[in-house]
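Read the structure below first, then the notes.
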Amino acid sequence: RVSTLENKVGNFKFTGDARLRYTGTEDGTKSKFDYRGRVKFQATVNDNTKAVIRLVGEKEFGKQARPKTAIDQVYVQHNLGKYATVTAGRQNLMLGNGLAYDDTLEGVVATFGKDKLNATVGYGYLMGGDTFEKLEKDANFEVNSYQVNYTPVENVAVKAFAVDFHNNKAGNTVVGKASNVKVVKDFHGVAADVNFGGHNQAWVGGEYVRAEQQSAAGEAWTAGLGYGEASMAKAGTWGVKAQYFDVKGQAPLYSSTWNFVNTDQKGFLATVDYTVAKNVGLTAYATIDTKDQANKEKPESYRAQLNYKF
């Protein structure tokens with residue numbers, strides 16, 4: 001019995017993270033201090049299959065409510081030989097480097113190939129961001145995603161992707177209220193990253209996305225420079241980045257990695273990462289010279305957060 005129990009415990013892996021975050025704006029209209037905790041349970045079913053469940057709880061300090069809790073990931077992943085993997089369930093989907101979408105997909109993703117060259121094909125429903133997360137099933141869109149990742153040399157990475165929306169049972173091509181309508185269009189894009197210098201510490205990269213049938217009004221791009229990289233495993237490591245964003249009004253930003261970046265916006269984003277102690281990291285962000293596409297100034301945003309990994 002003891003041996004059986006040890007084998008069962010040995011099939012499970014528990015990891016998690018916690019975050020304390022302060023977000024503010026120049027005009028003081030959206031300032032808040034919140035916290036989040038996540039715990040991930042991974043079970044090895046057999047040599048080729050694993051099951052994953054992740055729980056999350058978050059809340060704004062001082063707000064009269066219980067912490068919002070949810071299961072934000074639940075999926076099964078199966079290896080089909082050396083060069084193919086299928087993941088089914090509620091999982092994260094990052095397209096390119098995440099300018100257009102880095103959030104939840106409920107569906108199936110298949111990956112084929114090796115580390116140097118591989119492709120992913122996804123099918124299901126996008127569930128993240130203001131556009132999709134509150135939609136009923138019949139109002140949402142089925143989606144196919146396609147991505148190719150290529151690493152020609154060790155310090156260069158290129159990604160190309162495309163997304164196809166279809167079968168909206170409600171017959172809609174837009175979502176949202178009249179004051180904030182979002183046109184849902186197929187989109188495509190490309191991202192590239194190059195590391196160079198001593199130990200590849202310097203970085204230059206960028207990403208471009210475009211909604212189909214929207215001409216220049218559906219475009220968004222970013223380009224940036226950086227140096228260093230903070231590793232949560234090593235205290236004292238650090239990294240800095242400066243990126244420029246230009247996002248048109250109908251660009252397909254549905255749930256971007258960069259929370260401060262919205263449609264009808266352009267400007268700079270500065271990021272600093274520093275590992276305070278092993279598994280404890282500090283990150284700070286700030287927007288600079290933010291304007292809309294008519295060159296009208298917009299309030300700057302900033303954020304500081306402590307991240308704990310366990």
Side-chain angles (χ1 to χ4, degrees), residues 83 85 92-103 109 111-122 145-163 187-211 216 218-234 236-248 251-263 265-275 281-290 303 305 307 309:
Y83 306 119
T85 302
N92 191 75
L93 176 69
M94 176 186 279
L95 298 169
N97 287 339
L99 177 59
Y101 194 82
D102 178 15
D103 212 317
V109 175
T111 303
F112 309 91
K114 301 180 180 180
D115 291 340
K116 186 174 182 178
L117 176 62
N118 61 77
T120 63
V121 179
S145 66
Y146 312 91
Q147 180 159 309
V148 176
N149 307 301
Y150 179 48
T151 306
V153 294
E154 183 180 359
N155 60 332
V156 177
V158 180
K159 305 170 185 176
F161 56 91
V163 170
F187 65 92
H188 58 273
V190 62
D193 297 281
V194 179
N195 293 91
F196 57 95
H199 302 288
N200 288 328
Q201 287 290 296
W203 166 83
V204 60
E207 186 168 4
Y208 171 84
V209 296
R210 179 170 179 166
E219 293 181 334
W221 63 270
T222 178
L225 298 168
Y227 187 83
E229 182 177 2
S231 170
M232 290 287 277
K234 187 176 181 180
T237 54
W238 57 273
V240 294
K241 282 184 179 180
Q243 296 166 277
Y244 183 80
F245 292 85
D246 191 333
V247 185
K248 300 300 194 297
L253 267 67
Y254 295 111
S255 186
S256 180
T257 294
W258 297 282
N259 305 101
F260 288 151
V261 180
N262 298 303
T263 54
Q265 178 181 321
K266 57 185 176 180
F268 293 90
L269 176 66
T271 307
V272 178
D273 297 301
Y274 179 73
T275 304
L282 175 65
T283 300
Y285 307 87
T287 62
I288 303 170
D289 194 30
T290 304
R303 184 169 75 202
Q305 62 188 51
N307 303 301
K309 182 180 179 182

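Nothing here was measured: the structure is a model prediction, and the numbers come from that model.
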Find the distance between NZ (Lys116) and CG (Asn149) and round it off to the nearest 0.5 Å.
14.0 Å

Less than 4.5 Å apart, any side-chain heavy atom of Phe245 and any of Thr287?
no

Relative to the ring of Tyr244, is the ring of Trp221 parallel (under 30°), tilted (30 to 60°) or perpendicular (over 60°)?
tilted

Looking at every heavy atom in both Thr222 and Gln243, which two are closest together, and how far apart are they?
OG1-CB, 4.0 Å

So if I apply the side-chain contact (heavy atoms from CB on, under 4.5 Å) rule between Val194 and each of Val153, Val204, Asn200, Val158, which one comes out positive?
Val204

First locate atom OG1 of Thr257, then atom CG of Asp103, and finally report the distance between them rounded to the nearest 0.5 Å.
9.0 Å

Within a strict 4.5 Å, meaning less than it, do heavy atoms of the Phe161 and Tyr101 side chains meet?
no

Minimum-distance pair of heavy atoms, taken over all atoms of Asn307 and Gln305
OD1-NE2, 3.3 Å

So, does Thr111 use its side chain to make a donor-acceptor pair with the main chain of Thr120 at under 3.5 Å?
no

Atom pair OG1 (Thr283) and OH (Tyr274), whose distance is rounded to the nearest 0.5 Å:
12.5 Å

Measure across Asn97 and Gly206 and return the closest heavy-atom pair with its distance rounded to 0.1 Å.
ND2-O, 4.3 Å

For Leu95 and Gln147, work out which heavy atoms get closest and say how close.
CA-OE1, 3.4 Å

Identify the heavy atoms of Trp238 and Gly236 that sit nearest to each other, and give their distance.
CD1-O, 3.6 Å

Nearest 0.5 Å, what's the CE-CG distance between Met232 and Asp273?
10.0 Å

Flag, side chain of Gln265 to backbone of Phe260, donor-acceptor distance under 3.5 Å
yes

Please examine the side chains of Tyr208 and Leu99, heavy atoms only from C-beta on, and report whether any two atoms are closer than 4.5 Å.
no

Under the side chain to side chain donor-acceptor pair (under 3.5 Å) rule, what pairs show up with a residue in residues 224-234, not counting sequence neighbours?
none

Minimum heavy-atom distance Glu219-Ala251, with the two atoms named
O-CB, 3.4 Å

How long is the straight-line distance from NZ of Lys159 back to CG of Asp193, given to the nearest 0.5 Å?
6.0 Å

Between the main-chain N or O of Asn195 and the side-chain N or O of Asn155, is there a donor-acceptor pair closer than 3.5 Å?
yes

In this structure, CZ of Phe112 is separated from OG1 of Thr85 (nearest 0.5 Å) by 9.0 Å

Do Leu117 and Val148 come close enough that some side-chain heavy atom pair is under 4.5 Å?
yes

